[in-house]
Amino acid sequence: MAELSYREAVAAGIAQEMRRDPDVLFLGEDVAAAGGVFKATEGLLDEFGPKRVKDTPISEQAIIGATMGAAMTGLRPIAEIMFSDFFAVCWDLVANQIAKTRYMTDGQCSFPLVIRSANGGGSRFGAQHSQSIENWAMAIPGLKVVAPSTPADVKGLLAASIRDPDPVMFFEQKSLYSVKGEVPDGEHVDTLGTARVVCTGTDVTIAALAAMVPRALKAAKILKSEHGISASVIDIRSLVPLDTQTLLKSVSETGRLVTVEENPRLCGWGAEVASIVAEELFWDLDGPIVRVTTPHVPLPSAASLEDEVLPNVERIVRSVQRLVD
Amino acid sequence: MAELSYREAVAAGIAQEMRRDPDVLFLGEDVAAAGGVFKATEGLLDEFGPKRVKDTPISEQAIIGATMGAAMTGLRPIAEIMFSDFFAVCWDLVANQIAKTRYMTDGQCSFPLVIRSANGGGSRFGAQHSQSIENWAMAIPGLKVVAPSTPADVKGLLAASIRDPDPVMFFEQKSLYSVKGEVPDGEHVDTLGTARVVCTGTDVTIAALAAMVPRALKAAKILKSEHGISASVIDIRSLVPLDTQTLLKSVSETGRLVTVEENPRLCGWGAEVASIVAEELFWDLDGPIVRVTTPHVPLPSAASLEDEVLPNVERIVRSVQRLVD
Amino acid sequence: MLECRGLEKRAYDLFMQNLVKGTSHLGLGQEAVAAGFGTAMRPDDYTFCTYRGHNHTLVRGVPMTAILGELMGRACGLLRGKGGSMHLTSIQHGVMGSYAIVGAHLPIAAGAALSAQYRKTQQVTTAFFGDGTTNIGAFHEALNLAVVWKLPVVFVCENNLYMEYTPIEQVTAVKNPAADRAAAYGLKPILIDGNDVDVVYETALAAYEKARSGDGPSLIEAQTYRHGGHSRADPGKYRPSEEVEAWLARDPITNYRARLEKLGIDGETLGRIEADVQAAVDLATETAKESPKPPLEIAGIDVWADGGAEWRN
Amino acid sequence: MLECRGLEKRAYDLFMQNLVKGTSHLGLGQEAVAAGFGTAMRPDDYTFCTYRGHNHTLVRGVPMTAILGELMGRACGLLRGKGGSMHLTSIQHGVMGSYAIVGAHLPIAAGAALSAQYRKTQQVTTAFFGDGTTNIGAFHEALNLAVVWKLPVVFVCENNLYMEYTPIEQVTAVKNPAADRAAAYGLKPILIDGNDVDVVYETALAAYEKARSGDGPSLIEAQTYRHGGHSRADPGKYRPSEEVEAWLARDPITNYRARLEKLGIDGETLGRIEADVQAAVDLATETAKESPKPPLEIAGIDVWADGGAEWRN
Ligand SMILES: Cc1ncc(C[n+]2csc(CCOP(=O)(O)OP(=O)(O)O)c2C)c(N)n1
Ligand SMILES: Cc1ncc(C[n+]2csc(CCOP(=O)(O)OP(=O)(O)O)c2C)c(N)n1
Ligand SMILES: [Mg+2]
Ligand SMILES: [Mg+2]
């Protein structure tokens with residue numbers, strides 16, 4: 001096991017797959033010569049050259065369109081959208097074209113492509129560079145949606161995404177880029193559509209994603225040590241496909257569910273999960289389903305204000321406590 | 001009371017407000033000389049002239065950008081996006097700019113504007129001209145979201161939207177354009193953020209939106225007459241602001257909730273509503289919360305296939321029956 | 001061209017008989033563009049077209065029955081009814097799709113060209129679109145990218161003078177919406193008579209030659225006219241009748257027939273060809289009409305490459 | 001210009017002291033563009049700028065304290081910390097916002113111009129943007145619309161040779177990304193030395209005159225260079241040192257000072273001005289530093305015009 005940062009795991013995952021498969025290309029703004037504005041793709045140009053690692057103009061529609069066209073003609077492209085907020089300028093290509101074309105053509109073509117993007121808040125970048133938009137993607141049939149919380153998951157799930165025959169939206173939480181963690185040596189390929197039980201408890205299930213996972217875990221520790229509440233924490237990892245079995249199993253054991261979402265409240269993945277549990281496990285529940293989210297506001301820029309609205313450990317603890325007590 | 005079609009109510013609502021307020025402009029593709037591709041804006045050019053009713057190029061970003069710029073400098077523009085699917089080509093202007101700028105500027109400016117669009121399926125237009133995307137808008141803090149089901153609501157809520165000081169996304173269900181209904185004579189202005197109880201029952205609450213409202217109502221009648229089940233039907237009308245009080249009151253009386261959504265399953269407004277009820281009315285519920293939605297697939301074009309996936313009366317009846325029995 | 005004309009006239013009739021639902025956009029009058037380019041293509045070249053793409057699909061060899069069947073939502077349809085008139089696609093014929101969002105296919109076509117360039121296959125990609133499409137952002141981004149990467153792609157603007165109902169000159173900053181913008185991408189302006197199939201064919205050959213020899217993209221503006229309205233719902237009343245008549249006189253098919261006669265092809269031969277085409281259209285119509293509706297299960301599959309549509313376990 | 005320079009150098013220092021978090025994009029070296037246009041504007045004209053907009057904001061008269069305070073996330077900040085460095089806005093000064101999504105503000109600026117045209121106020125709108133921005137779709141749509149409607153708007157491209165780290169020539173189909181595209185919108189190409197504040201000022205006056213007399217928009221490409229990196233995280237190492245040196249020699253401020261001296265303004269007067277500016281920057285810095293953090297409640301308000309953020313009853 002080597003220790004890699006979340007950032008390094010990105011390049012490691014891409015490099016692993018580019019070595020293996022000459023059909024894998026990578027394109028985006030400032031990704032090649034500069035190694036990406038988050039330095040997450042350093043070294044790729046040197047190793048694979050400018051035919052496979054390409055700097056593009058500031059033309060997100062062209063980037064995603066080119067990715068789609070390449071994927072439907074035999075390649076396995078990876079695109080970067082620098083900040084996930086910028087999906088708004090190319091959403092048609094993602095949501096109307098890539099996601100729907102296989103279905104519309106009665107399965108005549110597939111889209112083995114990955115779009116990576118720096119997602120989420122905590123970096124004081126303000127409302128247009130900090131959004132958690134994984135739910136935009138989740139709402140569109142035809143997109144797979146992945147959001148890892150650890151360096152090992154970055155590498156393993158990115159490799160799995162690149163090998164997957166369907167379009168995968170791969171959300172990297174930008175405040176995690178410098179976090180380090182053990183990553184298995186050698187080829188590492190994980191499985192899409194699998195959640196991970198991070199810790200097991202008996203009183204409540206806390207489901208979280210990406211940057212909210214470490215916060216949920218910390219909350220679970222405090223709940224245990226200070227309040228005697230025993231929580232399971234589940235890292236969702238993949239919103240589509242969604243590992244409902246792992247979730248339902250855990251909630252059926254604990255009888256309570258709290259979701260922790262970084263996104264603004266309305267129509268987040270937690271709502272979807274809550275609706276599944278409220279339908280399928282209703283009779284097993286011992287109490288209301290609670291969602292901890294960013295309130296339904298844009299993200300402010302100043303550190304003190306941003307910290308005020310993003311779900312934090314204290315708010316998770318308080319919500320769980322109120323539910324269980 | 002005059003009988004108007006849903007289509008005629010659009011022009012009537014816009015005309016009423018343009019007569020009243022010279023700051024109201026209207027712009028979009030083929031909306032002026034041609035009266036709109038759905039003929040919903042016929043007569044406006046004749047009455048108000050080309051300075052106030054403007055045909056644009058096929059440039060959705062420019063249309064919405066211009067609308068925003070006009071709104072922040074003293075006008076009250078109305079824009080048309082011909083099919084709501086096309087929001088994907090101008091989503092940045094909607095979701096990142098219009099929705100966030102008031103907040104980001106510490107309230108320095110407001111955006112009194114309306115964007116109308118033909119939304120939803122049932123017209124055999126295929127996957128790129130039939131989506132129900134009201135949830136895309138609901139997920140973005142800073143947008144109000146309205147989706148009327150009757151001609152009277154079209155006129156009254158459109159007028160209210162135009163007068164509202166905030167950006168309103170106004171979704172017209174295109175399969176309803178030819179439906180007729182009574183519309184109050186004279187000036188008619190409704191209130192945003194209010195749901196309507198369409199009929200009152202005791203066993204279950206059915207919450208529906210736009211084209212799903214008449215289907216829910218029909219289902220309620222069948223449930224009553226054929227199965228002895230008494231259902232309340234609530235027309236949500238406005239997703240943001242959401243009239244949770246009307247909803248919660250009804251569910252607390254019936255003890256059961258079924259939502260009927262035209263959108264594909266994941267992260268629809270029904271999930272949000274379910275999560276609210278599962279948290280706030282958990283102890284009053286007599287059974288699981290059930291969502292009836294289009295399955296999580298794009299919409300097919302052929303009539304037989306489209307009818308297969310959109311929620312229909314029979315499916316609503318069956319879902320309610322299974323829940324209540 | 002004749003086949004295009006015959007097929008689309010039939011599509012119009014079927015629409016009037018309410019056998020085609022939803023919408024459909026005919027290219028009646030614009031056949032020379034599709035025919036000229038289609039003839040100049042190699043079998044493995046790629047075509048990207050719009051909702052007005054029946055002709056462009058047919059010229060690649062896609063059977064009429066599959067096209068009419070798709071319009072009618074039948075099991076024999078090219079997409080078994082899942083796509084409809086606006087989304088005709090036949091990967092095996094190089095028809096990489098018909099796109100219903102204005103401009104979306106232009107960057108996708110650039111991507112197919114990138115792929116051909118990377119795989120060194122000598123395939124050329126052609127993207128067809130209308131005059132109105134030149135005003136949307138995706139046009140600009142696709143053109144710039146294609147030139148920067150010298151991609152083997154040919155962008156063909158069919159200028160039929162109107163977007164839907166609005167005259168293009170009313171909403172465009174330049175007179176020739178594509179040709180007058182070529183220089184903005186370092187390309188030379190190419191403006192041709194899109195109703196003269198010989199001119200179109202020669203222009204296509206030159207552009208394909210350029211693309212195949214690694215000299216990058218071309219942008220071609222072909223001037224043409226649609227005989228009918230924008231879509232089935234539109235009688236096209238907003239167009240001055242002198243304009244319509246002038247363009248009807250420039251019908252690509254009538255004029256080409258006259259040219260062939262002048263070249264000595266006798267009327268009988270031409271008549272035979274016309275009769276054959278008509279018979280083919282009739283046969284396709286009957287076959288498609290007899291085809292059953294598609295199985296309902298297909299509405300719920302093929303979201304994913306494994307053939308399924310599951311979003312959960 | 002001096003104030004811009006002083007303010008942004010200070011912003012840089014504060015960043016290095018970790019008093020400014022997040023990111024910030026400086027216009028060091030590009031001051032002449034903001035100063036030239038700002039001076040030519042009338043007080044009620046509209047400015048739309050980018051994340052690299054400190055200079056364009058300052059030249060409209062926005063106090064330094066409010067700008068530095070915003071960068072530091074203080075209560076005295078222009079937006080009380082809700083927007084940050086990338087979103088400086090002061091409606092009362094005609095600064096209609098700084099936009100952080102490349103190109104987004106161009107159509108919005110067209111809308112402000114439409115509004116001025118409709119209200120017949122003679123206000124002109126100026127939109128500043130970079131070379132890289134010319135490759136995004138919104139640029140194309142905004143330019144076309146502005147010309148079609150003859151809007152009183154001036155589009156100013158500050159070509160500083162780079163998008164973030166990538167040289168603009170590597171990703172652009174033409175040499176001068178804005179000027180070489182003017183013809184695509186029926187506009188005449190205007191390419192100027194963006195480091196010569198007098199040239200900028202004269203160009204601005206002419207464009208404003210044109211706009212105010214109803215002759216529509218202009219597109220101006222001002223060639224310039226940023227002395228530092230793209231943003232705080234970037235040391236700008238990808239640029240050849242000869243290039244950097246050549247442009248440092250073209251520093252708009254040094255050169256303008258030399259010109260003033262040649263015109264007979266004595267060094268003492270200039271020195272006094274410089275000292276005054278420095279003192280103003282110092283004072284603003286101290287004031288901003290002393291300002292408290294904003295009240296936490298403001299994070300949850302002002303989504304709606306009623307000051308609230310409620311999405312339910
Ligand atoms: C992004 C987008 N905006 C608007 C439309 C609606 N629409 C469909 S076809 C069309 C006109 C297109 O005009 P043109 O490009 O000239 O092609 P033509 O139909 O004349 O062949 C419009 C506005 C659309 N499909 N997509
Ligand atoms: C749509 C979009 N794509 C990418 C970015 C990331 N980005 C921010 S600034 C920038 C470079 C812009 O270059 P240019 O227009 O030349 O302006 P400059 O920064 O040089 O002033 C990029 C790519 C963005 N903010 N928005
Ligand atoms: Mg046209
Ligand atoms: Mg630049």
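Since the model is a prediction, treat every value here as computed from it, not as a measurement. The sequence lines fix the lettering, A, B, ..., with proteins before strands; numbering per chain opens at 1.
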Which atoms of [X] come close to chain D, meaning under 4.5 Å heavy atom to heavy atom: side chain ones, backbone ones, both, or neither?
{"X": "B:Ile98", "value": "neither"}
{"X": "B:Asp92", "value": "side chain"}
{"X": "B:Ile63", "value": "neither"}
{"X": "B:Leu113", "value": "neither"}

So which of [options] has the biggest tally of heavy-atom pairs under 4.5 Å with chain B?
{"options": "D:Leu78, D:Leu145, D:Thr125", "answer": "D:Leu145"}
{"options": "D:Gly307, D:Gly83, D:Ala305, D:Ala116", "answer": "D:Ala305"}
{"options": "D:Leu114, D:Leu106, D:Thr89, D:Asp306", "answer": "D:Thr89"}
{"options": "D:Ala309, D:Gly137, D:Ser90", "answer": "D:Ser90"}
{"options": "D:Ala113, D:Ala100, D:Ala138, D:Ala142", "answer": "D:Ala138"}
{"options": "D:Val303, D:Leu151, D:Thr121", "answer": "D:Val303"}

Practice task
Please say which of B:Leu75, B:Leu25, B:Asp23 ends up in a side-chain contact (heavy atoms from CB on, under 4.5 Å) with D:Ser115.
Solution key: B:Leu75

Handout entry: Test applied, side-chain contact (heavy atoms from CB on, under 4.5 Å); reference residue, D:Arg312; option that passes from B:Val240, B:Leu247, B:Thr244, B:Asp243
Key = B:Thr244

Partner chain D: residue of [options] with the largest heavy-atom pair count (under 4.5 Å):
{"options": "B:Ile276, B:Thr246, B:Thr67, B:Ile64", "answer": "B:Ile276"}
{"options": "B:Gln97, B:Lys100, B:Glu60, B:Met138", "answer": "B:Gln97"}
{"options": "B:Pro165, B:Ser110, B:Gly142", "answer": "B:Gly142"}

Output the distance between atom [atom1] ([X]) and atom [atom2] ([Y]), rounded to the nearest 0.5 Å.
{"X": "B:Leu93", "Y": "D:Glu141", "atom1": "CG", "atom2": "CD", "answer": "8.5 Å"}
{"X": "B:Thr101", "Y": "D:Met96", "atom1": "OG1", "atom2": "CE", "answer": "10.5 Å"}
{"X": "D:Ile301", "Y": "B:Arg102", "atom1": "CD1", "atom2": "CZ", "answer": "9.0 Å"}
{"X": "D:Tyr46", "Y": "B:Thr73", "atom1": "OH", "atom2": "OG1", "answer": "4.5 Å"}
{"X": "B:Gln108", "Y": "D:His93", "atom1": "CD", "atom2": "NE2", "answer": "10.0 Å"}
{"X": "B:Met72", "Y": "D:Phe48", "atom1": "CE", "atom2": "CZ", "answer": "5.0 Å"}

Would you say [X]'s side chain and [Y]'s backbone share a donor-acceptor pair under 3.5 angstrom?
{"X": "D:Asn313", "Y": "B:Gln245", "result": "yes"}
{"X": "D:Arg119", "Y": "B:Gly74", "result": "no"}
{"X": "B:Tyr103", "Y": "D:Gly300", "result": "no"}

Problem - Heavy atoms of other groups near D:Lys293 NZ, more than 12 under 6.0 Å - result: no

Handout entry: Student check: side-chain heavy atoms of B:Asn96 and D:Tyr99 closer than 4.5 Å
Key = no

Problem - Side-chain touch D:Trp311/B:Glu272, heavy atoms, less than 4.5 angstrom - result: yes

Fill in the blank from the handout: Residues D:Leu79 and B:Asp106: closest non-hydrogen pair is O-CB, 3.6 Å

